[in-house]
Amino acid sequence: MFSSPFLLAFPFFLLACFLLYWAGARHAYTRRPAVENGTPDAFDWHFFVPCRDEEAVVGTTVTRLRADHPGAHVWVIDDDSEDRTGAIVAALADEDRRVHLVSRRRPDARQGKGSALNAAYDELNQFLSKDTDRERVVVCVIDADGQLDPHALARVSGPQGFGDPETGGVQVSVRMRNTDDPRPLPDRGRFANAFARLLVRMQDMEFSVSNAGMQLLRGRTGSVGLGGNGQFTRLASLDRIAAAERRPWQRGALLEDYELGLHMILNGDRISHIADTWVSQEGLPHGRRFLTQRTRWAQGNLQCVRYAPRIVSSRHYGGKGVLETLYTFLQPVAHLVTLALCAVMFTLLGLTAAEDGVGEAFGGMLALWPLIIALAVVSVTPFVLWGPVYRRDRAGDRSLLTALLWGLALWLYAYHLFPASARGFIRMLRGRNGWAKTRRNAEATTSGPVAIEA
């Protein structure tokens with residue numbers, strides 16, 4: 001029944017790829033060198049904050065950016081909000097000449113985050129004088145609920161960042177700042193809040209150690225990706241992308257941030273990841289909002305497969321960078337194939353049970369139990385081992401046992417990738433490529449219309 005070489009070999013191949021990638025990511029994270037500070041005054045800083053119905057958070061975000069980074073300009077893109085976002089930012093701009101409101105209206109507005117960022121890029125070009133040294137101008141994208149480390153500009157201007165003239169982009173680590181909220185769902189019961197707290201904790205663990213390790217590994221392969229929050233780019237690098245692609249950020253892209261990084265590397269610019277500074281955001285305690293977000297990411301990943309021929313043939317990607325990037329592209333595809341193989345195997349098992357009896361069918365499966373247990377241990381252990389690393393860097397007041405249990409939960413949490421990949425693939429087949437904005441946690445108590453999951 002299970003004699004097909006592909007059915008037998010594919011899970012082992014995926015496991016081998018995962019273990020190799022995990023080992024590289026963990027080594028890169030735990031052995032990362034110390035980050036040297038640079039001189040922020042050597043650069044001109046401009047924050048881009050894209051907003052659509054963000055009255056719940058935008059005022060706090062802009063105020064904190066101006067307080068922590070007083071020499072920077074803040075450009076807030078109001079993407080035709082139906083709440084008070086524009087009015088809040090306009091009032092701040094009236095009092096502070098370094099706060100700028102970029103207003104967009106339909107039909108041009110609400111075409112995705114990339115289009116909103118391109119509008120800010122155009123406004124910045126009109127604002128800057130013609131003799132500006134664009135190599136010294138740095139653009140940083142911050143989510144509407146983002147809070148940047150006050151020391152971030154010193155970190156990213158150092159030799160691991162823009163202090164190196166070949167660096168076109170820097171991505172900093174992402175943290176969830178509501179991990180210690182005892183009631184993330186104030187209107188729900190004890191068990192719902194326990195699940196919500198664990199969901200937020202897993203997002204923090206995923207981003208602050210696991211994803212940071214992946215990015216540091218990419219630093220060794222020359223394929224660091226840019227994220228949508230805490231993304232720093234040299235303006236001259238954006239200009240080079242715009243010259244080749246007409247716009248820096250791709251219109252209609254669901255992962256406009258990651259695609260920007262691909263274009264940057266294809267143009268010969270280097271991207272680095274700095275794990276020792278951060279931007280914080282709200283972790284999502286709602287399962288539906290979380291799945292909406294991850295479905296968009298999975299679908300965006302599938303969209304990026306079209307770049308594979310350009311990356312393989314590019315002289316700016318080395319062999320390791322090509323392999324790492326293709327591995328990233330094909331993750332949702334691997335999840336879909338795995339789901340399909342599981343369906344085939346269970347179908348074959350059912351047919352065998354119908355023909356030979358249940359005992360005969362399951363007897364063959366039980367004979368493989370030592371192999372199944374060994375595979376389970378090998379699959380779970382890498383996630384569990386992230387627990388002590390996370391405890392050391394982010395939760396030193398918790399016990400080692402708690403950290404190990406978090407690692408076990410991280411393994412279970414990773415299974416969200418399978419339904420997210422399936423939903424993203426179905427959306428793509430149906431031609432549903434719209435940018436589904438995820439609501440903020442505070443929006444449940446905000447007056448006026450809010451963006452909802454599409």
Quick one: does any side-chain atom of [X] pair with a main-chain N or O of [Y] as donor and acceptor, under 3.5 Å?
{"X": "T85", "Y": "E54", "result": "yes"}
{"X": "N118", "Y": "W249", "result": "yes"}
{"X": "T328", "Y": "E324", "result": "yes"}
{"X": "T61", "Y": "A144", "result": "yes"}
{"X": "Q203", "Y": "L199", "result": "yes"}
{"X": "S399", "Y": "T402", "result": "yes"}
{"X": "D53", "Y": "S81", "result": "no"}
{"X": "R66", "Y": "A72", "result": "yes"}
{"X": "D164", "Y": "Q160", "result": "no"}
{"X": "Q215", "Y": "G225", "result": "yes"}

If we only count heavy atoms from C-beta on, is the [X] to [Y] side-chain gap below 4.5 Å?
{"X": "I311", "Y": "F329", "value": "yes"}
{"X": "Y390", "Y": "R201", "value": "yes"}
{"X": "I77", "Y": "C51", "value": "no"}
{"X": "E282", "Y": "M176", "value": "no"}
{"X": "L148", "Y": "H69", "value": "yes"}
{"X": "R427", "Y": "R296", "value": "no"}
{"X": "L254", "Y": "L302", "value": "no"}
{"X": "R26", "Y": "V209", "value": "no"}

(request) From the options W22, F18, Y21, select the one residue that forms a ring pair (Phe, Tyr, Trp, His ring centres under 6.0 Å) with Y327. (result) Y21
(message) Quick check on ring pair (Phe, Tyr, Trp, His ring centres under 6.0 Å): which of F383, F290, W406 does Y413 satisfy it with?
(response) F290
(request) For this output row, return yes or no: ring centroids of F43 and W45 closer than 6.0 angstrom. (result) yes
(message) If you take the centroid of each ring, where Trp contributes its six-membered ring, are F425 and H335 closer together than 6.0 Å?
(response) no
Between [X] and [Y], which heavy-atom pair has the shortest distance, and what is it?
{"X": "A298", "Y": "S421", "value": "CB-CA, 3.9 Å"}
{"X": "D68", "Y": "P150", "value": "OD2-CG, 3.9 Å"}
{"X": "A25", "Y": "L217", "value": "N-CD2, 3.9 Å"}
{"X": "G38", "Y": "S157", "value": "C-OG, 3.5 Å"}
{"X": "T167", "Y": "S272", "value": "CG2-OG, 4.3 Å"}
{"X": "R251", "Y": "S115", "value": "CG-OG, 3.4 Å"}

(message) Could you go through T60 and T63, starting from their C-alpha distance and side-chain angles, then the distance that decides it, and tell me whether this counts as side chain to side chain contact (heavy atoms under 4.5 Å, CB included)?
(response) CA-CA 5 Å; T60 300; T63 301; 5.9 Å; no
(message) In terms of relative ring orientation, are H46 and W75 parallel, tilted or perpendicular, with 30° and 60° separating the classes?
(response) tilted
If we count only N and O atoms by modelled type, under 3.5 Å, do the side chains of [X] and [Y] hold a donor and an acceptor together?
{"X": "Y29", "Y": "N211", "result": "no"}
{"X": "Y258", "Y": "N301", "result": "no"}
{"X": "R155", "Y": "N37", "result": "yes"}
{"X": "N229", "Y": "Q281", "result": "yes"}

Point-to-point distance, once rounded to the nearest 0.5 Å, from [atom1] of [X] to [atom2] of [Y]:
{"X": "T325", "Y": "K320", "atom1": "OG1", "atom2": "NZ", "value": "13.5 Å"}
{"X": "I274", "Y": "R32", "atom1": "CD1", "atom2": "CZ", "value": "11.5 Å"}
{"X": "T292", "Y": "R288", "atom1": "OG1", "atom2": "CZ", "value": "6.5 Å"}
{"X": "Q171", "Y": "T277", "atom1": "CD", "atom2": "OG1", "value": "11.0 Å"}
{"X": "Q331", "Y": "C17", "atom1": "CD", "atom2": "SG", "value": "8.5 Å"}
{"X": "C304", "Y": "Q250", "atom1": "SG", "atom2": "CD", "value": "10.0 Å"}

(request) Mind running side chain to side chain donor-acceptor pair (under 3.5 Å) on R220 and H27 for me, showing each step along the way? (result) CA-CA 11 Å; R220 298 178 178 183; H27 184 271; 3.1 Å; yes
(request) Give the intermediate values and the outcome of side chain to side chain contact (heavy atoms under 4.5 Å, CB included) for residues D149 and V279. (result) CA-CA 6 Å; D149 175 11; V279 63; over 6 Å; no
(request) Tell me, yes or no, whether the heavy-atom count around R183 atom CZ, taken from other residues, nucleotides or ligands under 6.0 Å, exceeds 12. (result) yes
(request) Kindly determine whether R218 and H273 satisfy side chain to side chain donor-acceptor pair (under 3.5 Å), including the steps that lead there. (result) CA-CA 8 Å; R218 291 169 176 172; H273 180 85; over 6 Å; no
SB check [X] [Y] (cutoff 4.0 Å):
{"X": "R234", "Y": "D269", "value": "no"}
{"X": "D181", "Y": "R197", "value": "no"}
{"X": "R394", "Y": "E206", "value": "no"}
{"X": "D145", "Y": "R64", "value": "no"}
{"X": "R306", "Y": "E259", "value": "yes"}
{"X": "D204", "Y": "R175", "value": "no"}

(request) Show the numbers, then the answer: is there a side chain to side chain contact (heavy atoms under 4.5 Å, CB included) between I241 and N267? (result) CA-CA 7 Å; I241 297 173; N267 280 342; 3.4 Å; yes
(message) V141 vs D257, test: side chain to side chain contact (heavy atoms under 4.5 Å, CB included). Steps then yes/no.
(response) CA-CA 9 Å; V141 177; D257 43 14; over 6 Å; no
